[in-house]
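Below is one structure; the comments refer to it alone.
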Amino acid sequence: KEICLNPGALSTLDSITLMYPFFYRPMFEVIEDGWHSFLPEQEFELYSSATSEWRLSYVNKEFAVCPSYPPIVIVPKSIDDEALRKVATFRHGGRFPVLSYYHQKNGMVIMRSGQPLTGTNGRRCKEDEKLINATLRVGKRGYVIDTRSLNVAQQARAKGGGFEQEAHYPQWRRIHKSIERYHILQESLIKLVEACNDQTHNMDRWLSKLEASNWLTHIKEILTTACLAAQCIDREGASVLIHGTEGTDSTLQVTSLAQIILEPRSRTIRGFEALIEREWLQAGHPFQQRCAQSAYCNTKQKWEAPVFLLFLDCVWQILRQFPCSFEFNENFLIMLFEHAYASQFGTFLGNSESERCKLKLQQKTMSLWSWVNQPSELSKYTNPLFEANNLVIWPSVAPQSLPLWEGIFLRWNRCSKYLDEAYEEMVNIIEYNKELQAKVNILRRQLAELETEDGMQESP
Amino acid sequence: MEHIRTTKILHHHIASVEKLALTTSGCPLVIQCKNFRIVHFIVPRERDCHDIYNSLLQLSKQAKYEDLYAFSYNPKQNDSERLQGWQLIDLAEEYKRMGVPNSHWELSDANREYKICETYPRELYVPWTASKPIIVGSSKFRSKGRFPVLSYYHQDKKAAICRCSQPLSGFSARCMEDEHLLQAISKANPVNRYMYVVDTRPKLNAMANRAAGKGYENEDNYSSIRFQFVGIENIHVMRSSLQKLLEVNGTKGLSVSDFYSGLESSGWLRHIKAIMDAAIFLAKAIMVENASVLVHCSDGWDRTSQVCSLGSLLLDSYYRTIKGFMVLIEKDWISFGHKFSERCGHLDGDPKEVSPVFTQFLECVWHLTEQFPQAFEFNEAFLLQIHEHIHSCQFGNFLGNCQKEREELKLKEKTYSLWPFILEDQKKYLNPLYSSKSHRFIVLEPNTVSFNFKFWRNMYHQFDRTLHPRQSVFNIIMNMNEQNKQLEKDIKDLESKIKQRKNKQTDDILTKELLHSVHPESPTLKTSLCFKEQTLLPVNDSLRTIEGSSPADNRYSEYAEEFSKSEPAVVSLEYGVARMTC
């Protein structure tokens, strides 16, 4: 009864444990438990065959060293857990540099961390310097990509944060990029959604509102930074360390998008799920805080920000430019967007692994992956045009190449009937093509059999 | 040895040549083309640059029609082939298809000798009640003598789209014959007695014209008309709008905000939307109210052509086919005297007459193909190809400004028609998703909410390959469709071969069974089971491969200035300047 009177209360439940995932009982048979689909050990095995320079560390087993890190992380082999503990005190939120991605082609890596706590008097940490340098080969240089502008990074020193001084990290070159955060992104989303929902706008007003929302500017910034990171790795043959302030938002956008660009596996359905598990969930993106109210929060939610949605939009942009290189289609991204904000599954609950452990999500809720990875569900999300390609894919970041993601933002405002029908027709043509190919093969075989039989009969 | 790239630019496509300030590496020369290609050259020696600049200027500005490419273009066809090409589109046939002449509309011979209106075609359709004196009288009351005539007849609704130029009404002038003619048009519609008069201009412009003795219809003087302004801007506004659009898009390192604020301030999409809205007004008048519509602007050859042709395209699915679209262009644009040569600047003339009116029409059609991906038989490449040729002057269709002028130029004897060449290449222009099942009078009802209008990247950045998706779904589906046809054929072939074999075998077996009652198990059966699955026609593979993943592609230079400053493509003179094809 109370709910009827106050539906708002329902959308702002105080306790996570009152949320739907804790009451949801699946009506399907779980073939594969999604909670165990992407274990860090398995992920590491993929690398360990290629390199022995890295190891799994259990230093954060009790979440004591870094509350937002998972219990298991990948670090340079030469750095012991004791050093890691020291480095953690020198990095924001205890987020010491860990391996995010290993580029098999040339052995270069992407690492991520929180900002170094240099403060105004330029504090140093020998272990930190050692750790970072340990990832470089002899004579090689690396790039630190700071996702904040130089100005913002300098201001951070006053609050105890800061950035790597080149004097102390002589092998590293720092590049500042500016990716916006929190309320700026949130306001951007609110403006954009508002513009999209008003169909009475004349052309000038629509274009100026679209522009004023700055949404696509953020898309361009994020994609550009991800391309830059990928370029360092693949073209310059240099490893990179990526961080902003906390290392839980823009940092993850960049590390995960760089992998989409560089790593064919992350463009498959399973690979992409693993990427989200690794680079977003395990890496401690605070989903609970960021994805609470979406564009429609009346009260100013301090932590609300569409960081993950921006990431999905960027993936969609790349997908649009390389429509055959992804195993999944647009619907897959839309589905992930929906579940990040509201879901019957426990996957996106909580702000970190430690919170998820405390909530006992694995025992009490169902994993999204258990549902999605059923064959019947997967078929909705499979891209019929997919053909694996092992290349690095470089997207264009020119404004003319970055359209609005209509599938999300105009979803309820446009008539997609004709577009859907055209898509169906396209699928039909592809299916028909497969059918015909199969049929031709069968007939050819038949004919060949008949010919050999004839040959047999004629020979005696 | 480095691969030498040659870029071919047709001299008629050159819109402007610009010499920039001398740099250390040489003298930069920028050529802007009418098909929106922009080429940067760096010529090592300033003097050479100056020479090239001058010769390009001369080449791009022809004084006489006879110097245009079409008069020297020779596709090695004989006279009868050429004539056949010109006969491919037959407008008399088209009017017959529409259902005229009939009991309400007839062919008028009033303009047979171009005596009444020089810029109209010889053959015009008018209400049968409109006598010659009425036509003559009306033509004298209309700008350039362009009196109301039939543009499209909707057989199902028995309603018509008619076109004309503005009346010479000034503040109070009247013309009985003109009033009669309009009444005759409304009476030619047996269902609905009122008709719309659509003035495509903004009201202010139309009012200003009154001072010059022109203007618009006074509703009080004409019985049964409903008058309507739709507010499409004139050719000068459109020209500067496009210029602004191109300027913004030509900016290096363009930011998202600059792109959208430039798009907004250029007004380009607003204009496109206005044209589309006007066409929708026409279609609705006919479909919903069953009313005929008379369309005019000032002279009735720019906005009127846009609106009439687009309106017909919404109403009649025939115009959404390849052949039908050619017919539409021949009818509403070429025959009714859209001044292609002036608007496209074919000859060195008044730059104020140049305007992207036809380009806008193509863009409106493109927007429709985006909203209705299955409604059109043709694809985007078809529209781009037509756009290419309104400027190329390679074919005779778009030369001249009206039919009379074209006849005087003897285009049908001296030049070739574009359409047969396009049809020959039809495969390239087919929309693989086209659903032809739809009924002839299925009306397209586009939604013109602002967010449905998007920047047409493939037109305005046709040649900036780095901006386009690296894999084209469209091409893959197109090829797959082709492949499917081939496979269907293969299957038929194989089936008939198998049938033959089987027939032969049963015959053989019958005869053999008489000889040997026992047949040993065939040892070859095993090998035949191992028959390898053949992958067929690898047409898609090349399409799916990604351009731009090789280091030669410098797209990534745009990500960061830290690594490299992007510079204009340098083509040194020794390696061949863009070759001039003549």
Side-chain angles (χ1 to χ4, degrees), chain A residues 175 196 199 201-204 206-208 210-211 216-217 220 224 227-228 231 235 320-325 385 387 389 391-394 396-401 403 410 415 418-419 421-422 425-426 429-430 432-433 436-437 439-441 443-450 452-454 456-457, chain B residues 249 254-257 259-261 263-264 269-270 273 371-374 432-433 447 449-451 453-455 457 461 466-467 469-471 473 476-477 480-481 483-484 487-488 490-491 494-495 497-498 501-502 505 508 512 522 524 528 531 533-534 536 544 546 548-549 555-556 558-560 562:
Chain A
I175 301 173
C196 291
Q199 308 218 11
H201 286 325
N202 66 27
M203 188 63 73
D204 289 359
W206 157 248
L207 289 173
S208 85
L210 183 59
E211 189 250 320
L216 291 165
T217 302
K220 183 173 154 80
T224 305
C227 288
L228 177 69
Q231 189 190 344
R235 295 283 161 90
R320 247 190 100 266
Q321 294 188 30
F322 297 88
C324 307
S325 301
L385 292 163
E387 205 152 82
N389 91 62
L391 299 168
V392 177
I393 53 177
W394 300 106
S396 161
V397 295
Q400 294 96 328
S401 311
L410 300 177
C415 161
Y418 298 109
L419 303 180
E421 283 172 6
E425 176 62 19
M426 181 190 88
I429 291 173
I430 297 169
Y432 187 49
N433 183 264
L436 290 177
Q437 297 229 18
K439 193 161 180 196
V440 166
N441 277 328
L443 289 175
R444 286 207 174 146
R445 195 183 314 165
Q446 242 179 19
L447 186 65
E449 275 171 22
L450 288 171
T452 44
E453 268 175 46
D454 277 7
M456 279 293 295
Q457 285 165 0
Chain B
N249 281 294
L254 182 66
S255 76
V256 174
S257 322
F259 172 66
Y260 281 103
S261 54
L263 201 55
E264 183 203 334
L269 290 178
R270 179 160 44 87
K273 176 171 152 58
Q371 274 196 43
F372 305 96
Q374 295 191 269
L433 303 178
N447 184 341
V449 58
S450 298
F451 56 60
F453 291 88
K454 280 154 257 175
F455 174 67
R457 189 187 54 219
H461 289 290
T466 53
L467 293 184
R470 286 317 167 99
Q471 296 167 317
V473 173
I476 290 167
I477 298 301
M480 214 173 250
N481 230 358
Q483 193 193 51
N484 284 355
L487 286 171
E488 280 169 352
D490 289 356
I491 287 175
L494 285 167
E495 277 172 343
K497 271 187 201 158
I498 288 172
R501 285 272 171 194
K502 275 193 177 151
Q505 259 183 13
D508 286 356
K512 276 183 188 169
S522 161
T524 49
S528 65
F531 182 81
E533 297 279 319
Q534 272 184 305
L536 302 150
R544 283 190 213 228
I546 300 164
S549 293
R555 131 177 315 200
Y556 68 102
E558 65 196 45
Y559 304 141
E562 277 87 349

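So that the names make sense, note that chain A is the first sequence line, chain B the second, and so on, each numbered from 1.
Highest contact tally toward chain A, considering only B:Asn447, B:Ile498, B:Leu433, is held by B:Ile498 [criterion: heavy-atom pairs under 4.5 Å]. The greatest number of non-hydrogen atom pairs below 4.5 Å with chain A, out of B:Val449, B:Asn484, B:Ile491, is found for B:Asn484. The greatest number of non-hydrogen atom pairs below 4.5 Å with chain B, out of A:Leu450, A:Asn202, A:Leu419, is found for A:Leu450.
Under the salt bridge (Lys or Arg N to Asp or Glu O under 4.0 Å) criterion, A:Lys439 pairs with B:Glu495, not counting sequence neighbours. Under the ring pair (Phe, Tyr, Trp, His ring centres under 6.0 Å) criterion, B:His461 pairs with B:Phe455, not counting sequence neighbours.
Between B:Ile476 and A:Cys324, the closest heavy-atom pair is CD1-SG, 3.1 Å.
Using a 4.5 Å cut-off between heavy atoms, B:Arg457 contacts chain A through its side chain alone, with no backbone atom that close. The contact between A:Cys196 and chain B is made entirely by backbone atoms, counting heavy-atom distances below 4.5 Å. Of the atoms belonging to B:Lys273, it is side-chain heavy atoms, and not backbone ones, that fall under 4.5 Å from chain A. Looking at A:Leu216, both its backbone and its side chain come within 4.5 Å of chain B, counting heavy atoms on both sides. Heavy atoms closer than 4.5 Å to chain A are found in both the backbone and the side chain of B:Phe451. Both the backbone and the side chain of A:Leu447 come within contact range of chain B, with heavy atoms under 4.5 Å apart. With a threshold of 4.5 angstrom between heavy atoms, B:Ser255 approaches chain A through N, CA, C or O but not through any side-chain atom.
Under the 4.5 Å side-chain criterion, counting only non-hydrogen atoms from C-beta, A:Ser325 is in contact with B:Gln471. Between B:Lys497 and A:Leu443 the shortest side-chain heavy-atom distance does not fall below 4.5 Å. Contact annotation: the side chain of B:Gln371 never approaches that of A:Tyr418 to less than 4.5 Å [non-hydrogen atoms, C-beta and beyond]. Contact annotation: the side chain of A:Leu385 approaches that of B:Ile477 to within less than 4.5 Å [non-hydrogen atoms, C-beta and beyond].
Interatomic distance, CD of A:Gln400 versus CG of B:Leu467, reported as 5.5 Å (0.5 Å rounding). Distance check, rounded to the nearest 0.5 Å: CZ of B:Arg270 to CG of A:Asp204 gives 4.5 Å. The structure places CD of A:Glu211 at 10.5 Å from CG of B:Leu263, a figure rounded to the nearest 0.5 Å. Rounding to the nearest 0.5 angstrom, the gap separating the CZ atom in B:Phe372 from the CD atom in A:Glu421 is 11.0 Å. Rounded to the nearest 0.5 Å, atoms CG (A:Leu207) and CZ (B:Phe259) are 9.0 Å apart. Separation of atoms CD (A:Gln437) and CG (B:Asp490) is listed at 10.0 Å; rounding is to 0.5 Å.
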Margin query: What verdict does the side-chain contact (heavy atoms from CB on, under 4.5 Å) test give for B:Arg470 and A:Ile393, after you've listed the backbone C-alpha separation in whole Å, the side-chain angles of each residue and the deciding distance to 0.1 Å?
Written below: CA-CA 9 Å; B:Arg470 286 317 167 99; A:Ile393 53 177; over 6 Å; no

Item checked: Derivation of the side-chain contact (heavy atoms from CB on, under 4.5 Å) call for A:Tyr432 and B:Leu487 -> CA-CA 10 Å; A:Tyr432 187 49; B:Leu487 286 171; over 6 Å; no

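Remark: side-chain polar atoms of A:Thr217 are not paired, donor with acceptor, to backbone N or O of B:Val256 under 3.5 angstrom. Judged by distance alone, with hydrogens and angles left aside, the side-chain atoms of B:Ser450 form a donor-acceptor pair with the main-chain N or O of A:Met203 at under 3.5 Å.
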